[in-house]
Amino acid sequence: MQSHTLKGKTALVTGSTSGIGLGIATALAEQGANIVLNGFGDAQQIAQLQSSLASQFDVQVIYHPADMSKAAEIEALMQVAALRFGMLDIVVNNAGIQHVANIEDFPVEKWDAILSINLSSAFHTSRLALPAMKAKNWGRIINIASAHGLVASAQKSAYVAAKHGLVGLTKVTALETAQTGVTCNAICPGWVLTPLVQQQVNARAEREGTTIDQAKRALLAEKQPSGEFVTPEQLGALAVFMCSEAASQVRGVAWNMDGGWVAQ
Ligand code: NAD
């Protein structure tokens with residue numbers, strides 16, 4: 001529902017060219033926030049996305065291609081956003097990748113990439129966004145962690161370590177801003193059917209010689225009691241709530257939206 005609760009504010013959503021990030025960017029734009037898009041993908045499709053969000057919700061939308069594994073590119077992104085909009089009121093740290101392997105087989109460069117994209121990038125955007133947020137005495141930092149920020153699964157050492165780390169970073173940020181109008185919280189999704197998870201579904205179907213549909217059901221049955229995927233739209237609505245005044249004393253939570261995954 002469009003009610004423009006975020007009119008005049010600007011939100012950066014990292015990794016918003018696809019999946020959950022795109023769902024959250026759309027939900028924030030629907031509330032009137034200007035959007036800084038980021039992530040990889042086809043240049044023409046990204047330009048189309050930028051103009052369709054801008055025209056659908058009557059907001060300003062820019063795109064910056066920073067590789068979130070690189071501190072210097074993150075600094076450039078934050079500078080461009082500040083020049084264009086003055087400051088970022090909302091930062092959603094969402095960019096993330098996955099790799100699945102036993103620890104002894106885990107490629108070292110994949111470990112480094114997952115830690116830098118899924119964890120260190122949130123440190124960089126936060127350290128660069130916080131001074132202006134504190135000066136304005138309003139801000140929202142939302143870290144997209146995972147059910148894997150709360151519990152583990154085998155073969156996901158780097159991802160689980162990064163997401164647990166992100167929940168820890170969320171708590172420290174919340175404490176350091178506790179007496180200000182800035183809040184920091186984490187969202188911990190269960191399975192969401194995005195390209196990141198589709199890859200795991202496809203690998204499972206191939207490994208087990210099943211159909212894609214059977215692999216989806218098996219994936220859900222293993223972890224997610226609801227038997228249904230969480231959607232980017234539902235996660236977008238939770239992010240909008242975290243940006244609301246009603247959520248101004250929600251600080252340092254790791255809010256799972258996971259079909260019951262971590263209740264087990
Ligand atoms: P996705 O693959 O659909 O989207 C990932 C986004 O991150 C894309 O826009 C991609 O271009 C961007 N990205 C990847 N590497 C980048 C880099 N180096 N620099 C900048 N952008 C980069 O994945 P998704 O499922 O939407 O995942 C989004 C976030 O949600 C991730 O942090 C993921 O860990 C988390 N998450 C996903 C699920 C799920 O089931 N899909 C569950 C829990 C948490």
Side-chain angles (χ1 to χ4, degrees), residues 12-27 35-43 45-46 49-50 53 63-78 91-100 109-110 112-122 124-125 142-153 156 158-167 169-170 186-202 204 216 219-220 222-224 226 228-236 238-239 254-259 261-262:
L12 163 66
V13 185
T14 69
S16 45
T17 52
S18 162
I20 294 170
L22 179 54
I24 291 175
T26 305
I35 301 293
V36 182
L37 292 171
N38 157 262
F40 300 145
D42 176 73
Q45 277 176 9
I46 293 173
L49 179 64
Q50 198 180 330
L53 276 180
Y63 165 72
H64 194 284
D67 179 340
M68 298 307 288
S69 70
K70 300 194 165 76
E73 293 192 23
I74 297 172
E75 283 173 18
L77 155 66
M78 300 300 280
V91 172
V92 182
N93 291 304
N94 166 81
I97 59 167
Q98 175 64 284
H99 187 79
V100 180
E109 63 281 7
K110 285 283 183 202
D112 289 341
I114 290 176
L115 268 286
S116 62
I117 297 166
N118 297 19
L119 175 58
S120 300
S121 69
H124 292 299
T125 58
I142 301 175
N143 293 326
I144 306 305
S146 167
H148 283 121
L150 302 169
V151 295
S153 294
K156 294 188 175 175
Y159 189 86
V160 168
K163 295 299 189 181
H164 275 68
L166 190 55
V167 169
L169 175 65
T170 302
I187 294 179
C188 297
W191 292 123
V192 186
L193 192 57
T194 64
L196 180 136
V197 165
Q198 188 67 51
Q199 279 174 19
Q200 295 173 63
V201 167
N202 297 349
R204 188 182 189 123
K216 275 184 201 163
L219 192 87
L220 288 168
E222 213 168 66
K223 301 281 186 188
Q224 201 146 300
S226 65
E228 288 177 10
F229 287 103
V230 179
T231 68
E233 291 74 20
Q234 291 166 337
L235 293 161
L238 179 54
W255 192 316
N256 45 308
M257 184 183 267
D258 63 0
W261 182 325
V262 307

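Just follow the structure's listing: the first ligand is 1, and inside any ligand the first atom is 1.
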If you measure every N or O of [X] against every N or O of ligand 1, does any of those distances drop under 3.5 Å?
X: Ala147; value: no
X: Asp67; value: yes
X: Gly21; value: no
X: Val192; value: yes

Could you state the interatomic distance from [atom1] ([X]) to [atom2] ([Y]), rounded to the nearest 0.5 Å?
X: Ser146; Y: Asn256; atom1: OG; atom2: CG; result: 10.0 Å
X: Met78; Y: Leu12; atom1: CE; atom2: CG; result: 6.0 Å
X: Gln98; Y: Gln200; atom1: CD; atom2: CD; result: 5.0 Å
X: Tyr63; Y: Leu77; atom1: OH; atom2: CG; result: 10.0 Å
X: Ile20; Y: Thr231; atom1: CD1; atom2: OG1; result: 9.5 Å
X: Asn118; Y: Asn94; atom1: CG; atom2: CG; result: 9.5 Å

Ligand 1 atoms in contact with [X] (distance to a heavy atom under 4.0 Å):
X: Gly19; answer: 3 (O), 26 (O)
X: Gly39; answer: 11 (O), 21 (N)
X: Gly96; answer: 5 (C), 7 (O), 31 (C), 32 (O)
X: Met68; answer: 17 (C), 18 (N), 19 (N), 20 (C)
X: Asn38; answer: 20 (C), 21 (N)
X: Val197; answer: 39 (C), 40 (O), 41 (N)
X: Ile97; answer: 14 (C), 15 (N)
X: Ile117; answer: 18 (N)

- Query: Side chain of Thr14, backbone of Ala95: donor and acceptor closer than 3.5 Å?
  - Reply: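 Side chain of Thr14 to backbone of Ala95: a pair is present.
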- Message: Determine whether a donor-acceptor pair (N or O, by modelled atom type, separation under 3.5 Å) exists between the side chain of Glu73 and the backbone of Asp67.
- Response: yes
Between [options], flag the one that comes closest to [atom] by a heavy atom.
atom: atom 31 (C) of ligand 1; options: Asn94, Asn93, Thr17; answer: Asn94
atom: atom 33 (C) of ligand 1; options: Tyr159, Phe229, Trp191, Trp261; answer: Tyr159
atom: atom 25 (O) of ligand 1; options: Ile46, Thr194, Leu77; answer: Thr194
atom: atom 7 (O) of ligand 1; options: Ser146, Gly15, Ala66; answer: Gly15

Would you check if [X] and [Y] make a side-chain contact, meaning some heavy-atom pair closer than 4.5 Å?
X: Leu53; Y: Leu37; value: yes
X: Leu150; Y: Asp258; value: no
X: Val197; Y: Val192; value: no
X: Gln45; Y: Thr17; value: no

Heavy-atom distances under 4.0 Å are what count here, so tell me which part of [X] touches ligand 1: side chain, backbone, both or neither.
X: Cys188; answer: neither
X: Ile20; answer: both
X: Gln98; answer: neither

- Hey, is CD on Glu222 packed in by over 12 heavy atoms from elsewhere, all under 6.0 Å?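 Yes, enclosed.
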- Task: Flag yes if more than 12 heavy atoms outside Lys223 fall under 6.0 Å of its NZ atom; otherwise flag no.
- Result: yes
To check your reading of the model: name the closest protein heavy atom to [atom], its residue, and the distance in Å.
atom: atom 43 (C) of ligand 1; answer: Pro189 O, 3.3 Å
atom: atom 1 (P) of ligand 1; answer: Ser18 OG, 3.7 Å
atom: atom 42 (C) of ligand 1; answer: Gly190 O, 3.1 Å
atom: atom 23 (O) of ligand 1; answer: Leu196 CB, 3.4 Å
atom: atom 11 (O) of ligand 1; answer: Phe40 N, 2.8 Å

- Message: Any heavy atom of Lys163 closer to ligand 1 than 4.0 angstrom?
- Response: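 Yes, Lys163 has a heavy atom closer than 4.0 Å to ligand 1.
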- Heavy-atom contact under 4.0 Å between Gly41 and ligand 1? no
- Message: Can you tell me how the ring of Trp191 sits relative to the ring of His148, calling it parallel under 30°, perpendicular over 60° and tilted otherwise?
- Response: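 The arrangement is perpendicular - the two ring planes meet at more than 60°.
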